[in-house]
Structure formats: C-alpha cells, structure tokens
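When a ligand or atom number is given, it counts from 1 through the structure's own listing order. Counting begins at 1 with the first residue of the sequence.
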Amino acid sequence: MIRTCVFCGATFDANRKRDLCDECAHAVEKRIYHPTHGVCCVCGAVMTDARRGKKYCSKKCKRISRRIIAQRWHVAHPEHKEVKKPAKKEKPEEKKSFLSDVEDLGRKMGYGGYGQMMAVIRARCQRSGLSVRSEFCHLKFVYEKEHCHD
Ligand SMILES: [Zn+2]
Ligand SMILES: [Zn+2]
C-alpha cells in the first residue's frame with residue numbers, strides 16, 4: 001500500500017500503518033534516542049518555550065514517536081508478536097481438542113478441570129501479555145519436561 005510521509009511528503013510502500021518514510025523514521029529514531037534539549041525529538045523543530053523534559057513540540061509528534069518506539073520494540077522482541085485475533089477459519093474440532101488438552105493438563109497438574117486450568121493460564125497471560133495458547137504450550141512443555149523420565 002502506498003503511503004505518504006508526513007514529514008517530507010515522499011511516497012513509499014508499506015504494508016502496515018506508518019507515518020514516515022524510512023529515511024525520516026531513521027532520523028526521528030536517532031533524535032528520540034539521542035534527544036537535544038529544546039528540540040522536538042520527532043520533527044526537529046526548535047521549541048523556544050521548552051521546559052525541562054519537554055520532548056515533543058505537539059501531540060502529533062508525540063503520537064508519531066510512540067508508534068516508532070513501539071515498532072522498534074516489536075522488531076527487537078519478535079517473540080512477543082502482537083496477539084492476533086483467532087483466525088476465523090479455525091476449525092471447530094481444533095478448538096474442541098484445545099479445550100480437552102487444557103482439561104487434560106489441568107488434571108495432570110492437579111489444578112482440577114478446564115475452568116481451574118484456564119484461570120491459571122489467564123493469570124499468566126495477564127502478566128506476560130502472551131496468548132492463551134502460548135501460555136498453555138509453555139505450561140504443557142514444562143510439565144512434560146518434568147514428567148518425562150527417559
Ligand atoms: Zn520522509
Ligand atoms: Zn515536533
């Protein structure tokens with residue numbers, strides 16, 4: 001999808017929502033991580049009224065910087081891929097087997113049935129920000145590691 005850079009007006013191709021072309025994004029990133037007092041970290045505008053710690057000249061710049069920082073974080077932490085909504089095409093059988101897998105693991109681990117196991121998984125998700133499936137797989141993996149004697 002063709003987008004227009006909000007700073008330099010260059011057009012560029014991006015498959016996700018982005019405000020800036022690569023060049024501008026790079027320059028902004030540099031300013032964000034090496035800020036200069038009195039200069040907007042995003043657009044580089046000189047802020048004559050800059051109070052201590054003021055980093056952005058406008059709400060718009062603040063929003064842009066937040067997006068760039070988030071993008072950078074996701075690039076550095078690929079294991080925390082944004083949790084996608086479950087695919088619509090998910091087959092019902094697959095869902096059913098996930099439920100019984102959860103129930104099964106709950107019994108094995110001594111939590112009880114499905115409800116109790118899900119409560120444990122959900123609590124972990126809240127702390128980690130990962131998906132229910134990821135936490136389930138993790139718990140299952142740990143359980144199997146601990147109970148596999150070969
Ligand atoms: Zn640009
Ligand atoms: Zn600015």
The Zn ion (ligand 2) as vertex, arms to SG of Cys43 and SG of Cys57: angle to 10°?
100°
Calculate, to the nearest 0.5 Å, the distance between atoms NZ and SG belonging to Lys55 and Cys41 respectively.
5.5 Å
Is the distance from the Zn ion (ligand 2) to the nearest N/O/S atom of Cys61 under 2.8 Å?
yes
If we only count heavy atoms from C-beta on, is the Tyr56 to Ile64 side-chain gap below 4.5 Å?
no
What I'd like to find out is whether the side chain of Tyr114 reaches to under 4.5 Å of the side chain of Leu99, using heavy atoms alone.
yes
If the Zn ion (ligand 1) is the vertex, what is the angle to SG of Cys5 and SG of Cys24, rounded to 10 degrees?
110°
Side-chain touch Lys108/His147, heavy atoms, less than 4.5 angstrom:
no
